[in-house]
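Residue numbers begin at 1 in each chain, while the letters A, B, ... track the order of the sequences.
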Amino acid sequence: MRQLPPQSNPTFGFSDSPFGECCLAFSNDGICALTFPESREGAFIDLEHRFPETDFKRDDKRVTRIIRQIFEGGKIPELNPIGTEFQQSIWRALQQIPKGKTTTYAQIAEAIGRPKAVRAVGTAIGANPIAYLIPCHRVTKSDGGIGGFRWGLECKKKILDWEKK
DNA sequence: ATAAAGGCCACCC
DNA sequence: GGGTGGCCTTTAT
């Protein structure tokens with residue numbers, strides 16, 4: 001996993017996915033964003049806000065190709081999620097959860113050696129920039145509830161169901 | 001610097 | 001089921 005601002009060949013675009021339309025952004029250093037936004041407008045604002053220095057070129061064709069690789073071919077491109085040390089450690093932990101399994105926010109806190117930081121873990125998971133590939137959807141509440149999802153609970157449920165089979 | 005807001009949890013009622 | 005206090009990081013004043 002890298003940690004570089006997306007400066008070389010920054011590209012973004014939209015494509016259909018099994019879970020609705022998604023927005024993908026990447027550079028030569030890997031994927032820096034994958035979201036399931038409500039609107040294209042909102043998704044772009046979000047990008048601009050997170051990378052004010054970067055001028056992304058739009059290329060839906062390329063995006064569609066990559067999205068296919070991800071959801072149909074199962075091929076995982078290089079990731080470049082940008083965040084604080086704390087966030088990185090959590091996003092790393094998320095990638096250890098096998099497909100079809102789930103954990104709880106508390107267990108993630110335990111896994112990174114900060115058992116008391118449960119709440120902060122929730123916030124950090126909510127800040128996950130690369131949906132699906134960093135499987136934040138596989139984390140649920142300790143009391144059996146499903147927990148939150150930045151792009152809508154319906155979406156989280158859909159992904160979980162889809163992964164179960 | 002400080003405050004306010006979180007995808008939580010355990011404990012109470 | 002619901003409410004409360006504690007815990008910890010991030011972001012916005």
Which part of the nucleic acid, if any, lies within reach of A:A120 when heavy atoms closer than 4.0 Å are counted: base, sugar-phosphate only, or nothing?
base
Tell me the interatomic distance from A:Q87, atom CD, to B:dG6, atom C1', rounded to whole angstroms.
13 Å
Atom CG of A:L153 with >12 non-hydrogen neighbours under 6.0 angstrom:
yes
Interatomic distance, A:F86 CZ vs C:dC8 P [rounded to whole Å]:
10 Å
Its contact letters, B for base, S for sugar-phosphate only and - for none at protein heavy atoms under 4.0 Å, make nucleotides 8-13 of chain B read BS----
For the side chain of A:R114, starting at C-beta, report the closest nucleotide among C:dT9, C:dC7, B:dG7.
C:dT9
Can you tell me the distance, in whole Å, between the CG atom of A:L94 and the C1' atom of B:dG7?
12 Å
In one Ile/Leu/Val/Met/Phe/Trp/Tyr side-chain cluster, 4.5 Å: A:W162, A:L94
yes
Write down the distance between CD1 (A:I108) and C1' (B:dG7), rounded to a whole number of angstrom.
13 Å
Using a 6.0 Å cut-off, check whether atom CD of A:Q69 has over 12 heavy atoms from anything other than its own residue.
yes
Tell me if the aromatic rings of A:F36 and A:Y132 count as close, with their centers under 6.0 Å from one another.
no
Could you write out DNA chain B as a dot-bracket string, with dots for unpaired bases, | for bases paired across to another strand, and Watson-Crick or G-U pairs counted at under 3.5 Å?
||||||.||||||
Can you tell me which nucleotide in C:dA12, C:dT10, C:dC8 comes closest to the side chain of A:H49?
C:dA12
To check you understand the geometry: which heavy-atom pair defines the closest contact between A:P115 and A:E110, and what is its length?
CB-OE1, 3.7 Å
is_close_aromatic(A:F19, A:W151), centroid dist under 6.0 Å:
no
Between CZ of A:R150 and C1' of B:dA5 the distance, given in whole Å, is 15 Å
Whether over 12 other heavy atoms sit under 6.0 Å from A:R68 CZ
no
Rounded to the nearest angstrom, tell me the gap between atom CD1 in A:I134 and atom C1' in B:dG7.
16 Å
Taken to the nearest whole Å, CD1/A:I90 to P/C:dC7 is 18 Å
Nearest heavy-atom neighbours spanning A:I97 and A:V139
CD1-CG2, 4.1 Å
Compute the ring centroids of A:F44 and A:F56, then answer whether they are less than 6.0 Å apart.
no
